[in-house]
There are 2 protein chains.
Amino acid sequence: MDFVKVKNVSEYDGKEVKLRGWVFNLRKSGKIWFLVFRDGTGIIQCVVLKNLVDAEVFDKKTILTQESSVIITGTVRKEDRAAIGYEITVSNIEIVHVADEYPIGKKEHGADFLLSNRHLWLRSKKQTALMKIRHTVYYAITDYLNGQDFYRFDSPILTPNACEGTTTLFEVPYFDEGTAFLSQSGQLYLETGIMALGRCYDFGPVFRAEKSKTRKHLTEFWMMDAEAAYVKHDENMDIQEGLIRHVIRTVIERNEEDLKILERDIEQLKKADAPFIRMTHKEAIDKVNNKGGNLSYNDDFGSVEESMVTDDSDVPVFIERWPAEIKAFYMKRDENDSNIVLGDDLIAPEGFGEIIGGSEREDNHDMLLERMKSEDMDIEPYQWYLDLRKYGSVPHSGFGIGLERLVGWVSGVKHIRETIPFPRTIYRLNP
Amino acid sequence: MDFVKVKNVSEYDGKEVKLRGWVFNLRKSGKIWFLVFRDGTGIIQCVVLKNLVDAEVFDKKTILTQESSVIITGTVRKEDRAAIGYEITVSNIEIVHVADEYPIGKKEHGADFLLSNRHLWLRSKKQTALMKIRHTVYYAITDYLNGQDFYRFDSPILTPNACEGTTTLFEVPYFDEGTAFLSQSGQLYLETGIMALGRCYDFGPVFRAEKSKTRKHLTEFWMMDAEAAYVKHDENMDIQEGLIRHVIRTVIERNEEDLKILERDIEQLKKADAPFIRMTHKEAIDKVNNKGGNLSYNDDFGSVEESMVTDDSDVPVFIERWPAEIKAFYMKRDENDSNIVLGDDLIAPEGFGEIIGGSEREDNHDMLLERMKSEDMDIEPYQWYLDLRKYGSVPHSGFGIGLERLVGWVSGVKHIRETIPFPRTIYRLNP
């Protein structure tokens, strides 16, 4: 008899199967007891009836504990009342390991306790559902990009210079070469890749030594950067929109059960798979101020203002064409207004805030150099980056997605520390 | 007229198209000149005939330089002598940017010069081909694992403790928490993941502060770790074999042109897609010694000995069942011989050396603890790892693949510094 996974039991209706996994829960009552069983692919209720099994099997209810590992033999039965539509009538239980008393029970635990026991907390229904959605989001992002002729191009983590400011860099002593910095973004390196490959993306960990303690900040998180030659600002937003809608569709298609476990409003999420709204930074400032905000035309948006921009929208909102002075040096100026850069932020609805930042990049060597000088940047370490504007410069654009924030929105989870297996924050490096 | 990519020109035979990219090469001769054009997806020869274009277009041969960026308009013509089977008869050339004199010419350059100009060297035929093969290898690994019910589970990079020895760790000052170490392997964290999800993999950068200067060492490289609950030693090797054969097939299917550019012996590579050889460590030692080697039964293999083990094989060779004393603490003992652990190394043919290391993991709490104590390990930082053996321990196995070494073998490239976009070595942190 082959081993079967919970997610596939519907193919075995009426047949005897073997399942390998863990005791998620136990309920006992006289001549019948229930073993709620999980194997990573799903959860199913196993029914143990006194008149159907040997006494030795029936009495295992006195030995088994939550999280014990077991191999179940039994018959798959259709059961409409079950979430999964089936249950198992048990004929045998093989105990692999009897778990010690499990520290995470049904009572409420504090965040610190759960994070200190992250290696066990991951087994809970919600955390497992979040990891599965994270898996799908990662997959859907790469699936979309691969289909659009983007090549994976892993940018380095150990870097000699900083991309976005130096105050939030982690430093690493590096042999006789001095200090290396942990990458905050692979974008500049990706720009070298597209000159060889046309379109590229990276997708790996990035690091910010930020002392922020908000629910949206991690010191280590996963970032996807995409970059494309001969793509200008508007097409850049088209690619971003296509990608995010592909992610939403794929998650809804593959993770409906997980979304239900997380009590995500799936209908609301489905509404986001429609044409996104695009407004200029100036229009967004006006919108906020019309709703009682108090921003100037050179201000960025805080999370309160981001919500004011999106609270009447079911779809994400692009805020585009930003004041140059509050955006990064590499963004391309609007040819009709040099105070404006062709950047965009994509703001998720439902108060989840920014999920993408992107822009067309400055492709003129002299304008880029001038901008770097005006920001007092050290030019020599960026000579390789300037070189890209000396040897066959092309219009090009790109964007970056923070994986955890995107998973947070799609899942409806506000604390992004739950969207990564082992979160790292200013106070937490363990386990 | 839509823009067309070089890889798709066969769909436009006889039609006029527009292409966006770069001048790879120029050849001029009287009333005809040739612009070898690249766009990242491929290379195609564009023919400029004096009697077919305006004088202004024809004279662009005096302006254009290697690596200048151009938009070509022309008609796709079947041409059997061309590598790609087609060429373009040009009707117009729009110059986007005239490149300065390109520093990488046709003459031989030293390794240091090329690595210092890695941002430009990537545009060469061979380096671009390698990046495309790397893309496919990454894709094929995840494609295989996704199809085998493995969930992606990103292990952390900033870690409080070391997995494999402490002498080769990069250290990172971490706020008030002391020192963080850059991860050398996600394996221990993955083991937590499988207790929730059944099967998991990670795939990200890992770091070794090794002072090795061989062609096989990088300080930053990409590693895939896979781990599966209820999988024992033999099945663990089955999964590894299935994965590697899937990678070979996928690369041959998708990257034939790239393999040709690299002068890879494709027929030899195809032979590796057949059942792998499995021999015990003891058998491998005997084999080496029978060929004139001089190893004891507690020795590891150097690259010379690895080649002696594989030089009569077209397929990779598993060396399994190793002496416990030369393998890591977490490997499971053979139940019939406690001096042996159920580990395996997979050695590529053609002298490319180890591409996988794997093992069944010790799942018994007390035996694991005893092993850790006998190695004088600090227990407290690993309490979470020991916990996995207290709460529903299960037999489980896993393995790790170094992406660059695998890409090196598949591509037939000996220097793994060419298999990663921006290699980091003891003397190199730039660009």
Side-chain angles (χ1 to χ4, degrees), chain A residues 5 20 22 39-41 67-69 96-97 99-100 102 119-120 122-123 128 131-132 135 138-139 146 149 151-158 160 170-175 177 180 189 192-193 195-199 204-205 220 222 230 384 387 390-394 421-422 424 426 429-431, chain B residues 5 20 22 39-41 67-69 96-97 99-100 102 119-120 122-123 128 131-132 135 138-139 146 149 151-158 160 170-175 177 180 189 192-193 195-199 204-205 220 222 230 384 387 390-394 421-422 424 426 429-431:
Chain A
K5 292 184 171 147
R20 298 185 286 198
W22 294 266
D39 71 353
T41 75
E67 286 303 319
S68 291
S69 40
V96 179
H97 180 247
D100 285 5
Y102 199 61
H119 58 296
L120 302 176
L122 286 162
R123 304 184 188 186
T128 296
M131 291 303 112
K132 290 184 182 180
H135 169 90
Y138 192 107
Y139 164 78
N146 293 345
D149 297 325
Y151 292 100
R152 189 180 179 96
F153 181 88
D154 299 306
S155 52
I157 305 300
L158 295 167
F170 284 110
E171 300 186 359
V172 187
Y174 195 84
F175 306 113
E177 302 293 304
Y189 287 99
T192 72
M195 303 304 167
L197 293 155
R199 295 178 163 207
E220 171 182 333
W222 280 63
Y230 288 104
W384 60 271
D387 273 359
K390 285 165 74 176
Y391 304 109
S393 190
V394 296
F422 288 90
R424 299 295 184 236
I426 172 170
L429 186 57
N430 280 290
Chain B
K5 291 184 172 149
R20 297 185 286 198
W22 294 267
D39 71 353
T41 76
E67 286 303 320
S68 290
S69 41
V96 179
H97 179 247
D100 285 5
Y102 199 60
H119 58 297
L120 302 176
L122 286 162
R123 304 184 189 187
T128 296
M131 291 303 110
K132 291 184 182 180
H135 169 90
Y138 192 107
Y139 164 79
N146 293 346
D149 296 325
Y151 292 99
R152 187 179 182 99
F153 181 88
D154 299 307
S155 52
I157 306 300
L158 295 167
F170 283 110
E171 300 185 359
V172 187
Y174 196 84
F175 305 113
E177 301 292 305
Y189 287 99
T192 71
M195 305 303 168
L197 293 155
R199 295 177 163 208
E220 171 181 333
W222 280 63
Y230 288 104
W384 60 271
D387 274 358
K390 284 164 75 177
Y391 305 108
S393 190
V394 296
F422 287 91
R424 299 295 185 235
I426 172 170
L429 184 58
N430 279 288

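Computed from a prediction, not measured in an experiment: that's the story for all the values here. Below, chains carry the letters A, B, ... as their sequence lines are ordered, and counting in each starts from 1.
Looking at Tyr138(B), the atoms closer than 4.5 Å to chain A (heavy atoms on both sides) all sit in the side chain, from C-beta outward. Heavy atoms closer than 4.5 Å to chain A are found in both the backbone and the side chain of Asp154(B). Interface remark: Ser68(A) contributes backbone atoms only to the contact with chain B (heavy atom separation under 4.5 Å).
Between chain B and the options Asp387(A), Asp100(A), Val96(A), Leu120(A), the largest number of non-hydrogen pairs under 4.5 Å is found for Asp100(A). Contact count against chain B (heavy-atom pairs under 4.5 Å) is highest for Gly392(A) among Ala99(A), Gly198(A), Gly40(A), Gly392(A). Ranked by heavy-atom pairs under 4.5 Å with chain A, the first of Glu67(B), His119(B), Arg199(B) is His119(B). Put simply, of Gly204(A), Ser155(A), Pro173(A), the one with the most heavy-atom pairs under 4.5 Å next to chain B is Pro173(A). Heavy-atom pairs under 4.5 Å with chain A peak, among Asn146(B), Val172(B), Leu158(B), at Leu158(B). Options Thr192(A), Val394(A), Leu122(A), Leu197(A) differ in how many heavy-atom pairs under 4.5 Å they form with chain B, and the most are formed by Leu197(A). The choice from Asn430(A), Thr128(A), Ile157(A) that makes the most heavy-atom pairs within less than 4.5 Å of chain B is Ile157(A). For chain A, the option among Pro205(B), Pro421(B), Ala180(B) with the highest count of heavy-atom pairs below 4.5 Å is Pro421(B). Considering only heavy-atom pairs separated by less than 4.5 Å from chain B, the leading option among Trp384(A), Tyr102(A), Phe175(A) is Phe175(A). No other option in Met131(B), Lys390(B), Lys5(B), Glu177(B) has as many heavy-atom pairs under 4.5 Å with chain A as Lys390(B).
Checked by atom type and distance alone, the side chain of Arg20(A) pairs as donor or acceptor with a backbone atom of Tyr230(B) at under 3.5 Å.
Tyr391(B) places a side-chain heavy atom less than 4.5 Å from the side chain of Arg123(A).
Side-chain rings of Tyr189(B) and Phe153(B) stay apart, their centers remaining 6.0 Å or farther from each other.
Heavy-atom minimum distance, Trp222(A) versus Arg152(B): CZ3-NH2, 3.4 Å.
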